[in-house]
Number of protein chains: 2
Amino acid sequence: MDGTIVDSQQDSLQKKLKKILEPTPGVLAPCPIRDILDRLSDKWSALSIFHLGDAGTLRFNELRKRVDGISQRMLTVTLRNLERDGLVNRRMYPEIPPRVEYELTALGHSFLRQLIELGEWAAHHSDPIMKARERYAAREQEAVPGKW
Amino acid sequence: MDGTIVDSQQDSLQKKLKKILEPTPGVLAPCPIRDILDRLSDKWSALSIFHLGDAGTLRFNELRKRVDGISQRMLTVTLRNLERDGLVNRRMYPEIPPRVEYELTALGHSFLRQLIELGEWAAHHSDPIMKARERYAAREQEAVPGKW
DNA sequence: CGGTATCCGTACGGATACTG
DNA sequence: CAGTATCCGTACGGATACCG
C-alpha cells in the first residue's frame with residue numbers, strides 16, 4: 001500500500017542514500033549534510049528563516065518581536081550564522097540611530113522551500129507520530145508496573 | 001532567473017508559511033515542526049535513519065558499527081526516541097545471547113525521503129555555502145586588522 | 001537601535017563500569 | 001549481545017549590563 005506507488009524510484013532512492021553515506025568524498029564530511037543539519041539543529045535558525053521568508057525584509061528588532069521568545073543574543077548569533085552560510089543578507093545603514101535590515105538571499109529562499117516541505121511533512125504526519133507516542137507511553141506503563 | 005520558474009506556486013508557498021507560523025493551532029505548538037526539528041537536531045538521529053534506510057534491518061551492534069563514532073549510550077537513546085515517534089521498529093528475540101533488530105517503519109521511510117531531499121539540497125548547494133563562508137571569513141579579516 | 005561582553009545554569013553527549 | 005547506571009566535561013543558550 002506504500003511500497004507499490006514507487007517502483008523505479010526505489011533504486012534511485014537507494015543510490016542517493018549510498019551517495020550520502022559514502023565516507024570521505026560524500027556529502028557528510030566536508031560541508032553539506034552535517035552543516036545543514038546544524039542549521040536545523042540550533043534552536044532558532046529555522047524559525048528565523050520562516051519569519052524572514054514570510055515578512056520579506058525585517059529590521060533586527062522587528063524580527064525579534066516575531067520570533068517569539070528569542071533573546072537578543074541568540075538572534076544576533078543566529079543571524080550571523082545564517083549570514084555566514086549565505087542564507088541571509090544583512091544590510092546596515094550608517095544612520096543614527098542605526099538601522100539594520102535582514103532578508104533571505106536566493107539561497108535562503110531555496111532553503112526555505114526545503115523547510116516548508118519538512119513542515120508540510122510534519123504537519124501531515126503529526127497524527128501517526130502522536131499516536132505512536134501514546135502507544136509507547138502505554139507500553140512503558142505496563143512494562144514497569146512498580147513505577148506506579 | 002530564479003523567481004520566474006515559480007509563478008502561482010509563490011502564493012501557495014506564502015500560504016503554507018502562514019499556516020506554519022500561525023500561533024496556537026499551527027504546526028509549531030503541539031507536535032509537528034518543533035518535534036521534527038528536534039529529531040533532526042540531535043546528533044545521531046538523521047544518520048541512524050540514513051543507515052537503517054540503507055541497510056534495511058540491522059542488529060544493535062551492526063548499526064553501531066555503521067554509525068561512525070556513536071557511543072553505545074547514544075545509540076540506545078537515539079533508537080528509543082525514534083521508536084517512540086514511530087519511525088523505527090524494534091524487534092527483540094528472547095534468545096541467549098539476546099538479539100534485537102531495528103528497521104524503519106513505513107513512517108520512518110517516509111521521513112527518510114524528506115531527509116534525502118534535504119541531503120540532495122545540501123549536496124547541490126554546498127558550493128555556494130562554502131563560498132559564502134570564505135567571503136564571510138575574508139570580510140572578518142579586513143574588519144579586524146589588529147587581530148592579525 | 002542594534003549590537004557586545006560577561007556570567008552562569010542546564011542539557012546533551014562521551015567514557016567507563018556493570019548486568020541479564 | 002544489548003543494554004543500564006553513573007559520572008563528568010563541554011557547549012548551548014538565557015539574563016543582565018554595557019556601548020557606539
Side-chain angles (χ1 to χ4, degrees), chain A residues 34-35 37-49 51-52 55 57-85 88-103 136 139-140 143-144 146-147, chain B residues 34-35 37-49 51-52 55 57-85 88-103 136 139-140 143-144 146-147:
Chain A
R34 191 76 265 174
D35 282 347
L37 291 182
D38 281 351
R39 284 299 113 260
L40 288 177
S41 76
D42 59 60
K43 203 172 172 183
W44 301 108
S45 286
L47 212 50
S48 301
I49 291 174
H51 280 285
L52 280 177
T57 300
L58 287 176
R59 298 181 60 168
F60 185 85
N61 276 327
E62 287 173 349
L63 182 53
R64 185 150 139 66
K65 276 174 203 162
R66 291 180 183 236
V67 182
D68 195 62
I70 196 172
S71 67
Q72 190 173 31
R73 188 179 111 84
M74 286 321 291
L75 182 55
T76 303
V77 171
T78 301
L79 286 172
R80 287 293 179 283
N81 283 332
L82 295 176
E83 192 197 353
R84 184 178 119 92
D85 286 359
V88 158
N89 206 358
R90 177 180 190 266
R91 206 149 30 194
M92 202 189 132
Y93 299 87
E95 308 169 358
I96 295 176
R99 180 162 56 104
V100 182
E101 289 180 350
Y102 294 91
E103 62 185 353
Y136 188 86
R139 261 177 292 155
E140 265 187 332
V144 191
K147 194 84 181 198
Chain B
R34 191 76 262 173
D35 283 347
L37 291 181
D38 282 352
R39 281 303 114 260
L40 289 177
S41 77
D42 60 57
K43 203 172 172 180
W44 302 107
S45 286
L47 212 50
S48 301
I49 291 175
H51 279 285
L52 280 176
T57 300
L58 286 176
R59 298 181 61 167
F60 185 85
N61 277 327
E62 287 174 349
L63 182 53
R64 185 150 139 66
K65 275 175 205 161
R66 293 183 182 234
V67 183
D68 193 62
I70 196 171
S71 67
Q72 189 171 30
R73 186 179 113 82
M74 285 321 292
L75 183 56
T76 303
V77 171
T78 301
L79 286 171
R80 286 294 178 282
N81 284 333
L82 295 176
E83 191 196 355
R84 183 178 119 92
D85 286 359
V88 158
N89 206 359
R90 176 179 189 269
R91 210 154 25 200
M92 203 190 130
Y93 299 88
E95 311 170 356
I96 293 177
R99 178 163 56 105
V100 181
E101 289 180 349
Y102 294 91
E103 62 186 351
Y136 188 85
R139 262 179 291 154
E140 264 186 331
V144 192
K147 196 83 181 198

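Each chain gets a letter, A, B and so on, in the order its sequence line appears, and its residues count up from 1.
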Has A:R64 got a side-chain atom pairing as donor or acceptor with A:I70's backbone, closer than 3.5 angstrom?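 Here the side-chain-to-backbone pair exists.
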Residues A:E101, A:R90; criterion salt bridge (Lys or Arg N to Asp or Glu O under 4.0 Å); working and verdict: CA-CA 6 Å; A:E101 289 180 350; A:R90 177 180 190 266; over 6 Å; no
Once you round it to whole Å, what is the distance between [atom2] of [N] and [atom1] of [X]?
X: A:K43; N: D:dA15; atom1: NZ; atom2: C1'; value: 13 Å
X: A:L40; N: D:dC12; atom1: CG; atom2: C1'; value: 17 Å
X: A:L58; N: C:dG2; atom1: CG; atom2: P; value: 11 Å
X: B:I96; N: C:dT19; atom1: CD1; atom2: C1'; value: 13 Å
X: B:L75; N: C:dC12; atom1: CG; atom2: C1'; value: 16 Å
X: B:L37; N: C:dC12; atom1: CG; atom2: P; value: 15 Å
X: A:D38; N: C:dC12; atom1: CG; atom2: P; value: 16 Å
X: B:I70; N: D:dG3; atom1: CD1; atom2: C1'; value: 14 Å

Passes side chain to side chain contact (heavy atoms under 4.5 Å, CB included), B:E103 versus B:L58? Steps please. CA-CA 7 Å; B:E103 62 186 351; B:L58 286 176; over 6 Å; no
Residue pair B:L63 / B:S48: nearest heavy atoms and the distance that separates them: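 The pair with the smallest heavy-atom distance is CD1-O, 4.3 Å.
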For a quick test of reading the model, state the closest non-hydrogen atom pair linking B:F60 to B:T76 and the distance between them.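 Between these two residues, the closest heavy atoms are CZ-OG1, 3.5 Å.
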Atom pairs under 3.5 Å, N or O on each side, protein against nucleotides 3-5 of chain C: can you list them with distances?
| residue | atom | partner | partner atom | Å |
| --- | --- | --- | --- | --- |
| C:dG3 | OP1 | A:R80 | NH2 | 3.3 |
| C:dG3 | OP1 | A:R90 | NH2 | 2.5 |
| C:dG3 | OP2 | A:Y102 | OH | 2.6 |
| C:dG3 | N7 | A:Q72 | OE1 | 2.9 |
| C:dG3 | N7 | A:Q72 | NE2 | 2.3 |
| C:dG3 | O6 | A:Q72 | OE1 | 3.3 |
| C:dT4 | OP1 | A:R80 | NH2 | 3.0 |

For a side chain to side chain contact (heavy atoms under 4.5 Å, CB included) check, start with the C-alpha distance between A:E83 and A:N89, then their side-chain angles and the critical distance, and finish with the verdict. CA-CA 6 Å; A:E83 192 197 353; A:N89 206 358; over 6 Å; no
A:W44, nearest nucleotide to its side chain (from C:dG13, D:dC1, D:dG14):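 For the A:W44 side chain, the nearest candidate turns out to be D:dG14.
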What is the bend of the helix from C:dC1-D:dG20 to C:dG20-D:dC1 when you compare the axis at one end with the axis at the other, using five pairs each and rounding to 10°?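 Axis angle across the helix from C:dC1-D:dG20 to C:dG20-D:dC1, nearest 10°: 50°.
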For A:M74 and for A:P98, locate the closest nucleotide of DNA chain D by heavy-atom distance; then report the residue assigned to the nucleotide nearer the 5' terminus. A:M74
Spacing of B:W44 atom CH2 and B:N81 atom CG [to the nearest 0.5 Å]: 15.0 Å
When rounded to the nearest 0.5 angstrom, what distance separates CZ in B:R59 from CZ in B:R99?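 Taking CZ in B:R59 and CZ in B:R99, the distance rounds to 6.0 Å.
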With A:R39 via salt bridge (Lys or Arg N to Asp or Glu O under 4.0 Å) - residues at least two apart: A:D42, A:D85
